Number of protein chains: 2
Amino acid sequence: MPTPAARDRILDTASRLFDRYGVRAVGMQQIIDDCGCGKNTLYRRFASKDDLVVAYLRRCGDDWQRLFDAAQVSASDPADQLVELVRAVGARAVAPGARGGPLRTTLAEYADSGHPVHRVAEAHFVRVRTQVRGLAAATGAADPDELADRLLLILDGLYANGPAFGEAGARTAVAFAEDVLRSARPPARALIRRSC
Amino acid sequence: MPTPAARDRILDTASRLFDRYGVRAVGMQQIIDDCGCGKNTLYRRFASKDDLVVAYLRRCGDDWQRLFDAAQVSASDPADQLVELVRAVGARAVAPGARGGPLRTTLAEYADSGHPVHRVAEAHFVRVRTQVRGLAAATGAADPDELADRLLLILDGLYANGPAFGEAGARTAVAFAEDVLRSARPPARALIRRSC
DNA sequence: GTCTATACTTTGATAGAC
DNA sequence: GTCTATCAAAGTATAGAC
């Protein structure tokens with residue numbers, strides 16, 4: 001029986017290389033060399049490069065899930081949770097060396113919509129949209145789906161702009177999200193503001 | 001002695017294939033077959049695939065420039081020009097078959113920051129940011145750079161979400177941009193609104 | 001017996017030659 | 001325009017080490 005840690009070690013190495021150089025630019029041999037494992041071992045755990053890339057994307061998806069969950073427990077108000085989500089994503093997106101979010105960049109590298117890698121990445125974004133819509137609905141916004149789409153624009157815009165945006169850009173995005181959430185709730189807050 | 005139209009024909013073919021299947025996924029042979037020109041002809045016009053890809057990106061950059069210029073002549077008010085820009089980008093971004101904006105996807109495919117293709121794509125986005133900042137400043141906004149960043153989030157978010165967003169998403173983005181521009185001008189309009 | 005390391009096969013792509 | 005050289009990458013198989 002093979003050591004179960006080997007799979008994780010391989011996936012760790014592959015993830016690091018994929019994040020930095022892109023998926024197609026990294027060869028299996030490079031992963032093997034960097035990992036220090038034999039070629040046989042890798043192909044036992046991952047039948048093909050596609051399988052390895054899919055595992056990588058699933059890990060990235062889990063990473064997003066942790067981010068999302070952490071945002072949800074960070075506050076009781078759904079609006080505050082969404083702001084925290086934007087803040088957390090911004091921190092990653094503008095970090096030096098960040099490169100557009102692994103799911104989006106990998107999706108760009110696998111344009112063929114029939115390819116398993118493409119399908120996994122695409123499914124991720126469907127899920128993300130559903131999750132953000134759920135949280136947007138919980139804010140009690142007048143039009144939760146429109147609110148969700150606005151927040152998705154901010155989130156994906158953040159990833160796309162990346163390090164070029166810098167810390168200031170990340171703060172801008174957070175303030176932006178706050179404004180969006182404030183103005184998306186016309187019944188209560190807007191009246192209070194007008195009464196000032 | 002060679003027909004000058006040949007270069008354009010090759011670039012037309014390459015652009016179409018790159019847009020649809022991605023740059024790395026398209027081989028030179030495929031371009032040659034699709035174009036109907038000889039291999040010699042192609043390599044006389046473009047010394048290497050990198051050169052061809054750079055020419056493709058420059059054409060995409062010119063395309064953006066036309067979009068930007070058209071938005072600028074569409075209205076006299078800079079704020080209206082920016083809204084028109086968002087509308088025009090949205091129309092492209094959510095069109096069926098669109099795939100994230102050719103500059104961004106190609107940048108994702110060429111992660112190496114030393115690669116000529118990467119540098120050309122990166123330079124494009126620096127230019128775009130400068131242009132949007134210029135237009136944002138012309139609106140007389142209190143903080144034009146912050147306004148520009150907010151609009152860039154919308155623009156890139158639009159490209160990233162693509163056809164999944166659909167026509168409704170494009171309309172959401174336009175309304176979003178309108179709100180952003182409205183609230184970015186505190187001196188005049190905000191006072192008018194409060195006086196209502 | 002599973003791990004590492006390496007040699008080999010095949011495929012496909014860029015590029016050049018005629 | 002076809003044919004060919006070169007190279008890199010994905011897999012497969014094999015040889016050796018703990």
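Basis for what follows: all heavy atoms, side chains included, without hydrogens, waters or symmetry-related copies. As the structure is a computational prediction, the values presented were derived from the model and not from experiment. Just so we're on the same page: letters track the sequence lines, and every chain starts at 1.
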In this structure, how many angstroms lie between the [atom2] atom of [N] and the [atom1] atom of [X], rounded?
X     : N      : atom1 : atom2 : answer
B/D33 : C/dA13 : CG    : C1'   : 13 Å
A/L42 : C/dT2  : CG    : C1'   : 15 Å
A/I10 : C/dC3  : CD1   : C1'   : 11 Å

Is the number of heavy atoms from other residues, nucleotides or ligands within 6.0 Å of CD (A/Q29) greater than 12?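 Yes, the 6.0 Å shell around CD holds more than 12 heavy atoms from other groups.
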Close N or O pairs between protein and nucleotides 10-12 of chain C (under 3.5 Å):
none

Check: A/K49 side chain, A/V23 main-chain N or O, donor-acceptor pair, under 3.5 Å: yes
Under 3.5 Å donor-acceptor, A/Q81 side chain and A/A71 backbone: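 Not confirmed, A/Q81 side chain does not pair with A/A71 backbone.
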Is A/R45 close enough to C/dC3 that one of its side-chain N or O atoms is under 4.0 Å from OP1 or OP2 there?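 Answer is yes, contact under 4.0 Å.
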Using a cut-off of less than 4.0 Å, is there contact between a side-chain N or O of A/R9 and OP1 or OP2 of C/dT4?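 It does, given that an N or O in the side chain of A/R9 lies less than 4.0 Å from OP1 or OP2 of C/dT4.
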Between B/D149 and B/R129, is there a side-chain heavy-atom distance shorter than 4.5 Å?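 B/R129 reaches B/D149 side chain to side chain.
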Expected rows: protein N/O vs nucleotides 9-16 of chain D N/O, under 3.5 Å:
from	atom 1	to	atom 2	distance (Å)
D/dA10	OP1	A/K49	NZ	3.2
D/dA10	OP2	A/M28	N	2.8
D/dG11	OP2	A/K49	N	2.9
D/dG11	N7	A/K39	NZ	3.2
D/dG11	O6	A/K39	NZ	2.8
D/dT14	O4	A/N40	ND2	2.9

Classify the ring geometry of B/F18 against B/Y56: parallel below 30°, tilted from 30° to 60°, perpendicular beyond 60°. perpendicular
So that I know where these two stand, are B/F176 and A/F176 an aromatic pair - ring centroids less than 6.0 Å apart? yes
Mind listing the closest non-hydrogen atom pair of A/E84 and A/S74 along with its distance? CG-OG, 3.3 Å
Cation-pi check, A/R127 to A/F68: give yes when NZ or CZ is under 6.0 Å from the six-membered ring centre and within 45° of the ring axis, no otherwise.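 A/R127 over A/F68 ring: no.
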Name the nucleic acid region contacted by A/R7, choosing base, sugar-phosphate or nothing; use a 4.0 angstrom heavy-atom cut-off, strictly under. nothing
